[in-house]
Visitor: 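Got a structure for you, questions after.
Remember, predicted model here, so these are calculated numbers, not experimental data. In what follows, chains carry the letters A, B, and so on, assigned in the order in which the sequence lines appear, proteins first and then strands, with residues in each chain numbered from 1.
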There are 2 protein chains.
Amino acid sequence: MIVSSQRGHAGVEETRSRILTAARELFERKGTRGTTTREVAERAGVNEATLFRHFGSKSALLNAMREAACGFETFRSVVASLSGTDNAADLSRLARYVVDRMISKRAMMCVSLAEDATGTDDAPEFRGPAQLVSDLADYFTTKVAAGTMHGDPDLMARCFLGILFSSVVGRKLWGSDVPEQATLDGVVNIFLNGVR
Amino acid sequence: MIVSSQRGHAGVEETRSRILTAARELFERKGTRGTTTREVAERAGVNEATLFRHFGSKSALLNAMREAACGFETFRSVVASLSGTDNAADLSRLARYVVDRMISKRAMMCVSLAEDATGTDDAPEFRGPAQLVSDLADYFTTKVAAGTMHGDPDLMARCFLGILFSSVVGRKLWGSDVPEQATLDGVVNIFLNGVR
DNA sequence: CCTTTATGCGTGTGGGCACTTGCATGAATC
DNA sequence: GATTCATGCAAGTGCCCACACGCATAAAGG
């Protein structure tokens, strides 16, 4: 039974993940500096000492959490699954996917943004979005090559994602809600006309 | 001499504004929770006690600072100064104006975003951007009525600003630089085709 | 049964930070 | 010259927080 190689209590890994989840939920709501290790432990249903036994320090916990909660890994597979013939439908699907993923990472992105601006100690880069841009630009490149779209793929990718990004991240700022499919389709429509 | 009604030292108002400036610079870089009143006072070249005598509390200082540093008030006048005949040139000017203003408020917007996400105590709304959307939507409404553009003005405004917003705010996130005029013109081009 | 291991629990501790207080000073006003 | 007022300065208070330590406990394996 090398399987988990754990002795003592059953869920070592589960405890760890409960802490990570609690940390994410709290950091999202209150920011990194606004969240105490005590709170995280309490929310995870775990003793504060256990938290430190697992992660050593608050900032190590932060890094572990970010690592566990980031990434748009499946984006490429979504692109691969597109019809390729109906651009409007394809972009609509992409938009939906991106928006949904962004919503689930909204708070974390905001906090990341702010901490990027603050230039503080230990904020590792958050590569997800940049990867998104580059993958989407690749997609547009094929479309431009095929002649169904026109323009600079990179600029197109940034425009497309930018609209979605701002509609998700700037919710409170703009006073807009989480975008419904009809809104997304409107965006896709404007964008498609723009690059056709 | 009721003019300033101040006794004692000369620059009461100047001290106040020095504190506000220092506060803004530091809060932008390190966030509200990451900045200490001691630092603010030091940077302002003022004793910490003086800071509290002026503002009473850190959060009151925060509010005063936000009040002093926000607003896109002149946007309407920029809109009013447009030619009205050359949509591309007009949108290009608007884009430049908005981007420049956003860059100068970038850090504060990021911090605001994060603290909005955090749902903390005393973050008063940051009305600037919402006002922008509504003003721009008004502009588009006239264009739609004139028949030179088509679509939902509100959605159009959000798309247009969203692209600019994300290109400014998501600089590090997307890996893009501050947009040059050529880039802005590319955006305007896509957008204009999209709504024409 | 004995050891190992993960956890709970309580009790610090050292440091930082918001905020206070009392006093001295020096400029402007009268 | 006396008063007023904004500020400097120094010391302090109370709180909170990251993090440590020691001990009890209970589950799992040999």
Visitor: Mark yes or no for whether A/Lys143, through its side chain, and A/Asp138, through its backbone, hold a donor-acceptor pair below 3.5 Å.
Guide: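 The answer is no, because no donor-acceptor pair under 3.5 Å joins these two groups.
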Visitor: Taking the side chain of B/Ala49 as its heavy atoms from C-beta onward, which of D/dA18, C/dC17, D/dC9 lies nearest to it?
Guide: D/dC9
Visitor: Give the nucleotide from the list D/dA18, C/dT7, C/dC19 with an atom nearest to the side chain of B/Ser57.
Guide: C/dC19
Visitor: Taking only side-chain N and O atoms of B/Thr15, does any of them lie within less than 4.0 angstrom of OP1 or OP2 on D/dT7?
Guide: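 Result: yes.
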Visitor: How many Å lie between CD on A/Glu48 and P on D/dC17, as a whole number?
Guide: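 Atom CD in A/Glu48 sits about 10 Å away from atom P in D/dC17.
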Visitor: Do A/Phe140 and A/Asp152 come close enough that some side-chain heavy atom pair is under 4.5 Å?
Guide: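 No - every pair of side-chain heavy atoms lies 4.5 Å or more apart.
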Visitor: Please report the closest heavy-atom contact between B/Ile19 and B/Leu61, naming both atoms and the distance.
Guide: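 Closest approach of B/Ile19 to B/Leu61: CG2-CD1, 4.0 Å.
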Visitor: In whole angstroms, how far is the P atom of D/dA18 from the CZ atom of A/Phe55?
Guide: 15 Å
Visitor: Starting at the 5' end of DNA chain D and moving along, which residue's nearest nucleotide shows up first, B/Arg38 or B/Arg18?
Guide: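 Its nucleotide being nearer the 5' end, the pick is B/Arg18.
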Visitor: Can you figure out which of D/dC23, D/dT7, D/dC9 approaches the side chain of B/Asn47 most closely?
Guide: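 Of all the options, the side chain of B/Asn47 is nearest to D/dC9.
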Visitor: Could you tell me whether B/Arg18 and B/Glu14 make a salt bridge, using a distance below 4.0 angstrom between a side-chain N and a carboxylate O?
Guide: yes
Visitor: B/Val12 side chain: which of D/dA6, C/dG22, C/dC17 is closest?
Guide: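 Selected nucleotide: D/dA6.
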Visitor: Taking only side-chain nitrogens and oxygens of A/His54, does any of them come within less than 4.0 Å of OP1 or OP2 of C/dT7?
Guide: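 For C/dT7, OP1 or OP2 has a side-chain N or O of A/His54 closer than 4.0 Å.
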Visitor: Students often get this wrong, so: under 4.0 angstrom with heavy atoms, is B/Gly45 touching a base, only sugar-phosphate, or nothing?
Guide: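 It contacts sugar-phosphate atoms only.
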Visitor: Between A/Arg53 and A/Thr35, name the one whose nearest nucleotide on DNA chain D is closer to the 5' end.
Guide: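 Per heavy-atom nearest nucleotide, the more 5' residue is A/Thr35.
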